[in-house]
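All chains are named by letter (A, B, ...) in the order of the sequence lines, taking the proteins before the strands, and each is independently numbered beginning at 1. All values below come from the heavy atoms of this structure, side chains included, with hydrogens, waters and symmetry mates left out.
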Protein chains: 2
Amino acid sequence: MARTKTFEQSEVLMKAMDLFWRKGYHATSVQDLVSYLGINRASLYHTFSGKEDLFLKALENYREINKADMLEALYSQPNAIAGIRNLFHYSLKERKDRKGCFTVNLTAALMADDKHLQEILRDNQRDFEKIIFDYLKSGEVMGEFPKGKDLRAIANLLYTLYNGIQVISKIEAAPSRQMEAVEVVLQLLEDK
Amino acid sequence: MARTKTFEQSEVLMKAMDLFWRKGYHATSVQDLVSYLGINRASLYHTFSGKEDLFLKALENYREINKADMLEALYSQPNAIAGIRNLFHYSLKERKDRKGCFTVNLTAALMADDKHLQEILRDNQRDFEKIIFDYLKSGEVMGEFPKGKDLRAIANLLYTLYNGIQVISKIEAAPSRQMEAVEVVLQLLEDK
DNA sequence: ATATTTTTGGAACAATCATTCCAAAAATAT
DNA sequence: ATATTTTTGGAATGATTGTTCCAAAAATAT
């Protein structure tokens with residue numbers, strides 16, 4: 001039988017995700033990856049087939065983690081409004097190193113002719129909005145806020161807000177400023 | 001006396017802005033610039049001192065144009081609410097080629113250690129929010145919407161919304177979806 | 001211990017990166 | 001027309017890009 005790998009593939013993928021997250025695709029060289037991941041050049045090409053493939057795997061990895069974190073942030077709260085608030089609060093705390101959000105960064109860097117990434121990012125948007133919509137819907141059923149609101153439109157607004165906040169978190173120091181914006185929108189749910 | 005340039009510096013700068021806007025800094029090579037601008041390599045280095053300098057000048061150029069466009073979009077309208085609506089409508093129409101917004105793209109691509117760009121982008125944010133705030137303030141004085149609202153917070157929210165919308169415009173087909181989000185926020189101004 | 005299989009280190013690859021340099025061309029002032 | 005000054009074309013720079021290749025090392029199965 002053959003020799004076993006000396007590194008844990010999932011750990012390396014996590015590091016690759018971190019580096020691509022911080023620097024983006026084009027500003028990250030294979031040399032950067034080799035140094036940061038701590039594995040050999042040949043191992044990188046053997047395990048993942050190249051820079052682009054590694055990037056796509058890092059992106060998938062991010063999406064899975066982010067989705068789980070999102071559900072956790074929402075459903076750990078006693079009601080819908082607190083859940084939404086916590087979702088944003090959580091995602092802003094996370095940004096200790098000002099990386100923003102992987103997928104938001106990627107969307108902003110998207111070039112118009114990149115149909116593949118475009119499709120992945122659209123899929124990501126659908127996921128996000130569906131999670132929010134379903135969550136709001138269950139909150140509405142539970143009577144946590146007045147009925148009759150356009151939850152589809154609010155989910156869309158929250159996704160837009162999330163993108164904006166993640167972008168601004170890269171230059172804005174205080175998360176409290178951004179939470180202000182969240183609170184303003186949350187009033188839309190509460191009022192009636 | 002000496003020979004005169006065969007190209008208009010401002011036109012070349014406009015093209016450079018367009019290319020950096022579409023592709024971002026790292027994905028744009030000097031060769032790309034030489035081809036797209038239609039000027040010689042040496043001319044590029046003689047006129048602008050290098051890639052980074054040209055980028056910064058393109059960024060300044062964008063900020064000036066964008067600011068003028070913004071003021072025009074706002075103050076061409078009969079009242080504050082129509083002005084804000086038009087601002088977003090205008091910026092979404094513009095995106096025929098899905099470039100998003102230069103400064104938003106740049107903010108999302110910002111690396112945490114780039115203090116210079118960070119300062120420029122913060123300055124840009126201050127500009128934006130001040131323009132919006134002053135505009136809303138004058139609308140309030142004119143009695144175009146109920147007094148007593150936190151216009152500072154609303155200006156901040158609108159900036160966040162602008163960033164989010166510009167990001168999403170790169171993957172979302174219909175501007176109408178994004179205008180929906182704008183309308184939801186505009187209700188905040190209209191409602192008592 | 002030997003055979004087998006895979007990882008690993010590092011050299012080597014051609015292509016591209018941003019930048020510099022120089023001689024030739026061009027355009028105005030005298 | 002000649003002198004002067006700047007642009008221009010294109011070659012050349014050395015560094016870095018992503019990727020491949022190969023021999024040596026390592027680890028398990030027999």
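- In this structure, the ring of B:Y135 has its center less than 6.0 angstrom from the ring center of B:Y75.
- One atom, NE2 of A:H26, and another, C1' of D:dT16, lie 16 Å apart when rounded to the nearest Å.
- Look at CG on B:L44: it is 15 Å from C1' on D:dG10, rounded to the nearest Å.
- Partners of B:S138 by side chain to side chain donor-acceptor pair (under 3.5 Å), not counting sequence neighbours: none found.
- Straight-line distance from the CD atom of B:Q31 to the P atom of D:dT17: 18 Å, rounded to whole Å.
- For the pair B:Y45 OH and D:dT13 P, the computed distance is 17 Å after rounding to whole Å.
- Residues satisfying the side chain to side chain donor-acceptor pair (under 3.5 Å) test with A:E183, not counting sequence neighbours, are A:R85.
- At the heavy-atom level, B:S49 lies nowhere under 4.0 Å from the strands shown.
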Taking it one step at a time, do B:S35 and B:Q31 satisfy side chain to side chain donor-acceptor pair (under 3.5 Å)?
CA-CA 6 Å; B:S35 305; B:Q31 184 54 54; 3.2 Å; yes

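- Heavy-atom distances under 4.0 Å link DNA chain D to B:N40, B:R41, B:A42 of residues 33-42 of chain B, given in residue order.
- For the pair B:Y25 OH and C:dC17 P, the computed distance is 13 Å after rounding to whole Å.
- Consecutive Watson-Crick or G-U pairing (both distances under 3.5 Å) extending over three or more pairs maps onto DNA chain C as C:1-12 with D:19-30, C:14-17 with D:14-17, C:19-30 with D:1-12.
- Straight-line distance from the CG atom of A:D53 to the C1' atom of D:dG18: 13 Å, rounded to whole Å.
- Sequence neighbours left out, the pairs with a member in residues 130-141 of chain A that pass salt bridge (charged side-chain N to carboxylate O under 4.0 Å, His left out) are A:K130-A:D134, A:K137-A:E140.
- Taking 4.0 angstrom as the limit, B:S43 places a side-chain polar atom (N or O) nearer than this to OP1 or OP2 of D:dT8.
- Ranking D:dT19, C:dA18, C:dT6 by closeness to the A:H46 side chain, first place goes to C:dT6.
- Taking atom NZ of residue B:K51 and atom P of nucleotide C:dT16, one finds them 15 Å apart after rounding to whole Å.
- Checked against a 6.0 Å centroid threshold, the rings of A:Y62 and A:F20 do not count as neighbours.
- Sorted by first and then second residue, the salt bridge (charged side-chain N to carboxylate O under 4.0 Å, His left out) pairs involving residues 46-58 of chain A (not counting sequence neighbours) are A:D53-A:K57.
- For C:dT16, the OP1/OP2 oxygens have no side-chain nitrogen or oxygen of B:S29 closer than 4.0 Å.
- Outside the 6.0 Å centre-distance limit, the rings of A:F102 and A:Y25 are not counted as a close aromatic pair.
- With respect to the salt-bridge test (charged N to carboxylate O, under 4.0 angstrom), the residues B:D97 and B:K99 qualify.
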